[in-house]
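Encoded as structure tokens, the structure appears first; notes follow it.
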Amino acid sequence: MSEQELKALRLRIDALDEKVLELISERARCAQEVARVKMASLAEGEVPVFYRPEREAQVLKRVMERNQGPLGNEEMARLFREIMSSCLALEQPLKVAYLGPEGTFTQAAAMKHFGHAVISKPMAAIDEVFREVAAGAVNFGVVPVENSTEGAVNHTLDSFLEHDMVICGEVELRIHHHLLVGENTKTDSISRIYSHAQSLAQCRKWLDAHYPNVERVAVSSNAEAAKRVKGEWNSAAIAGDMAAGLYGLTRLAEKIEDRPDNSTRFLMIGSQEVPPTGDDKTSIIVSMSNKPGALHELLVPFHDNGIDLTRIETRPSRSGKWTYVFFIDFVGHHRDPLVKGVLEKISQEAVALKVLGSYPKAVL
Ligand SMILES: C=C(O[C@@H]1C=C(C(=O)O)C=C[C@H]1O)C(=O)O
């Protein structure tokens with residue numbers, strides 16, 4: 001390609017960038033207007049709600065439906081995710097607590113869902129994320145809830161039994177683990193591998209094959225594992241890209257998770273009810289009396305009404321030995337008439353029923 005052609009193309013890009021810049025600024029001014037209108041129509045004592053997850057899900061879906069390439073749908077939606085995040089921050093910067101420390105997959109999930117224009121706060125434990133939200137110190141919390149290889153994150157399910165929370169969103173993240181070492185690590189003398197118990201479990205077969213005699217040490221997070229390796233010469237960590245970058249570690253082996261589709265689902269928790277988008281999910285907790293056929297009774301109304309169950313999980317209840325609660329996710333919104341009917345039917349049979357929230361299905 002000649003210099004001349006390149007020069008002409010760069011001029012075209014400059015002109016387009018100017019238009020893109022103008023349009024983004026116009027969009028941001030519109031968001032500011034939205035904030036003004038919302039403030040003006042508040043009733044006495046009413047708190048304004050700036051963040052609208054259902055609206056954001058619709059915007060992203062529309063972008064993906066209309067996108068003609070050459071950028072892929074996900075790539076395009078990711079760009080719009082960040083534009084919306086910045087526009088919302090003009091109205092009100094969101095405060096988000098997540099299971100930390102910095103560099104965890106939960107932080108990556110928070111950024112994927114809310115974009116980067118948020119004030120994020122790492123917490124040391126799942127329960128602390130719940131407490132931070134309950135105390136009103138942040139608008140939302142982000143916690144892991146299930147992994148496709150290892151199953152439920154029990155700390156999260158149990159925390160829902162203790163706190164009154166509304167689930168207002170979900171996000172799924174592909175989880176790639178690497179074996180990481182520091183610049184001082186003697187790679188032929190590794191005698192210890194640190195990681196979170198979930199990650200060690202997700203790489204069990206790989207570890208059995210490559211490091212069968214090395215001690216596996218479970219620590220509080222993958223980021224904590226990466227941090228420890230930095231100061232030691234005979235250890236390695238299993239963690240993801242964010243932790244590797246944060247602690248300046250190098251990858252001795254990449255993508256060592258046993259299953260290539262290894263993914264984790266995260267929930268956004270807060271106090272805000274989310275209106276229907278037409279493509280939603282609902283999470284409930286139900287406890288049934290301990291009698292034969294109780295689980296069957298619970299599931300029949302879903303089947304009879306053609307409602308798609310996406311998950312069912314059992315946990316010991318806090319109220320008695322050998323009694324259980326069921327965590328159920330299904331497709332639909334609790335305001336849909338069909339879903340309403342099912343929930344009414346179940347509550348007639350159940351000891352207790354709590355709707356944890358209805359929220360848009362993950363778009364990204
Ligand atoms: C602009 C609004 O407020 C926020 C910003 C949005 C955006 O930038 O598109 C969308 C929803 C809200 O989180 C709105 O309510 O429409």
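In listed order, ligands and their atoms are each counted from 1. Just so it is clear, the values below take in all heavy atoms, side chains as well, and ignore hydrogens, waters and symmetry mates.
- In this view, K291 and E297 satisfy the salt bridge (Lys or Arg N to Asp or Glu O under 4.0 Å) rule, not counting sequence neighbours.
- A salt bridge links R311 to E146: at least one charged side-chain nitrogen sits closer than 4.0 Å to a carboxylate oxygen.
- Residue pairs meeting the side chain to side chain donor-acceptor pair (under 3.5 Å) criterion with at least one partner in residues 299-310, sequence neighbours excluded, are absent.
- Atom CG of residue L6 and atom CD1 of residue I13 lie 9.5 Å apart, to the nearest 0.5 angstrom.
- Contact shell of ligand 1 (protein heavy atoms, cutoff 4.0 Å): R27, V34, K38, F50, Y51, R52, R55, E56, M84, C87, L88, E91.
- Electrostatic pairing of E183 and K230 does not count as a salt bridge here, judged by no charged N lying under 4.0 Å from a carboxylate O.
- Residue pairs meeting the side chain to side chain donor-acceptor pair (under 3.5 Å) criterion with at least one partner in residues 6-22, sequence neighbours excluded, are absent.
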